[in-house]
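Computed from heavy atoms alone, side chains included, the values below leave out hydrogens, waters and symmetry copies. So you know, we letter chains A, B, ... as the sequences are listed, proteins then strands, and number each from 1.
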There are 2 protein chains.
Amino acid sequence: MSDSPVLMPLPLAGEPASERSDAVRNRAALLCAAQQLVAENGVDAVTMDDVAARAGVGKGTVFRRFGSRAGLMVAVLDQSEAHWQAQVISGPPPLGPGAPPWERLEAFGRSRLETTITHGDLLRAAGAAGSRSSPATSFVVQHVHHLLLELGVTGDVRLLATALMAPLEIELLDALRTKGIDVERILHGWLDLARRIVSGC
Amino acid sequence: MSDSPVLMPLPLAGEPASERSDAVRNRAALLCAAQQLVAENGVDAVTMDDVAARAGVGKGTVFRRFGSRAGLMVAVLDQSEAHWQAQVISGPPPLGPGAPPWERLEAFGRSRLETTITHGDLLRAAGAAGSRSSPATSFVVQHVHHLLLELGVTGDVRLLATALMAPLEIELLDALRTKGIDVERILHGWLDLARRIVSGC
DNA sequence: GTATCAACCGGACTTCAGTCCGTTTCACTC
DNA sequence: GAGTGAAACGGACTGAAGTCCGGTTGATAC
């Protein structure tokens, strides 16, 4: 059983804890149940009723907490990616800090590509919610934005960062791999794209 | 009522017409019904039962022909985009042939962006099937690939073409616009990206 | 301790996408 | 123009997402 601490949505010291204690308990139980069921049976086999039953709560509660199946999957995903994000923020170089920015960018692209493929099922189940409002995506764009600035890229750098990460979205990777293009080639293509963005002109 | 001719899947002269006549009739009727219902009530309000009823066929038939709701939406979309594709292939420059390749690429990006936003609901309903196996996407990548070659881009040009179009997918546009980034800025960002790819270095 | 009420809970209910299989129709042959 | 079989048809059925609302509980005030 996964007993890793559930990521709290920043209970800032003085604030009037926006969630009631039973709600917090249920959120954690649901997330844990969902993680287990995904691990046991695969994403596609997990139903909302299953999750509710395993967590010992009613189905309505699942939807109040996570809004939809996609929303629940986003939450599960965010937990799964916490470790990866930690590696980027404070792990060893070249993925973590310490290496020159270009090397970090290379490592980041490679690592992101692998992570995306690993979590493919979860990302597909998260759907638009996954690429849209997930903290995970904000983090990715934020980090690339930062590296591009360090590399001296000028212009609308935030948009360039977004555009650079777009080809690594799961839908596109699925499409390319279905056409027989392997991961190595995709990575080379991405590095080429990154080089062209950084070179500027 | 839309009475534009349904796009036939190439009934090549000598081949043993792979679809029975009733199947062909029903495909056309279903596509027409779907188009009407989408126009009348919006994509989200259209159910498969509605479409079947309007076309005067059973529900099973809808699924045999189009596989899923997403598949049906892809088919509707392909018809809606036929006119646009014709403009690109044989319309007036700079979108159509005749203008220098860079100008064509600029016009293509602008036009694609507008088309994607216009067909947003349909594209979202088409989901992964929309970005993956749709003839529409093949066409887009194919065309950009061609223009990049004319512009002297070297390397894995097909992958670069795919990467260049990735930031114009509806999910990403939705995310950016939700954050308050307007279409004009997105277009500028895209043009900058295109310039960097073409400049090479 | 008790009153109050907003937030939360549960699980029956509704709505649809997608499946299944007995029946019908088309196309082709003799 | 009757026979034949593969393909297509239809609509009842299934399973899961998402909604609703009467009942419950936790936090706060006094």
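Computed from coordinates, the B:Arg25 CZ to C:dA27 P distance equals 8 Å when rounded to whole Å. With rounding to whole Å, B:Met48 atom CE is found 20 Å from D:dG15 atom P. If you take CG of A:Leu72 and P of D:dA17, they are 10 Å apart, rounded to a whole angstrom. Atom-to-atom, CE of A:Met73 to C1' of D:dA16 comes out at 12 Å; the value is rounded to the nearest Å. Look at CG on B:Asp49: it is 9 Å from C1' on C:dA17, rounded to the nearest Å. For B:Leu30 and C:dG18, the CG to P distance is 15 Å, given to the nearest whole Å. The distance from atom CZ of A:Phe63 to atom P of C:dT14 is 17 Å, rounded to the nearest whole Å. Across the protein-nucleic acid pair, B:Arg69 atom CZ and D:dA17 atom P stand 17 Å apart, rounded to whole Å.
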Open item on the list: At under 4.0 Å between heavy atoms, how does the protein contact nucleotides 3-11 of chain C? Give one character per nucleotide, 5' to 3', with B, S or -.
Closed with: ---BBSBBB
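Relative to the six-membered ring of B:Phe63, B:Arg69 misses at least one condition, a distance below 6.0 Å or an angle of at most 45° to the axis.
Within the model, atoms CD1 of B:Ile181 and NE2 of B:His188 stand 14.0 Å from one another, a figure rounded to the nearest 0.5 Å.
With sequence neighbours left out, B:His143 forms a ring pair (Phe, Tyr, Trp, His ring centres under 6.0 Å) with B:Phe108. Here B:Asp156 pairs with A:Arg185 under the salt bridge (Lys or Arg N to Asp or Glu O under 4.0 Å) rule; sequence neighbours left out.
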TODO: Give the C-alpha distance, both sets of side-chain angles, the deciding distance and a yes or no for side-chain contact (heavy atoms from CB on, under 4.5 Å) between B:Arg112 and B:Val140.
DONE: CA-CA 9 Å; B:Arg112 182 66 186 164; B:Val140 166; 3.6 Å; yes
- [ ] With salt bridge (Lys or Arg N to Asp or Glu O under 4.0 Å) as the test, would you mind laying out the steps for B:Glu40 and B:Arg54 before giving the verdict?
- [x] CA-CA 12 Å; B:Glu40 287 169 19; B:Arg54 173 74 66 105; 2.9 Å; yes
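Residue B:Ser21 places at least one side-chain N or O closer than 4.0 Å to OP1 or OP2 of C:dA27.
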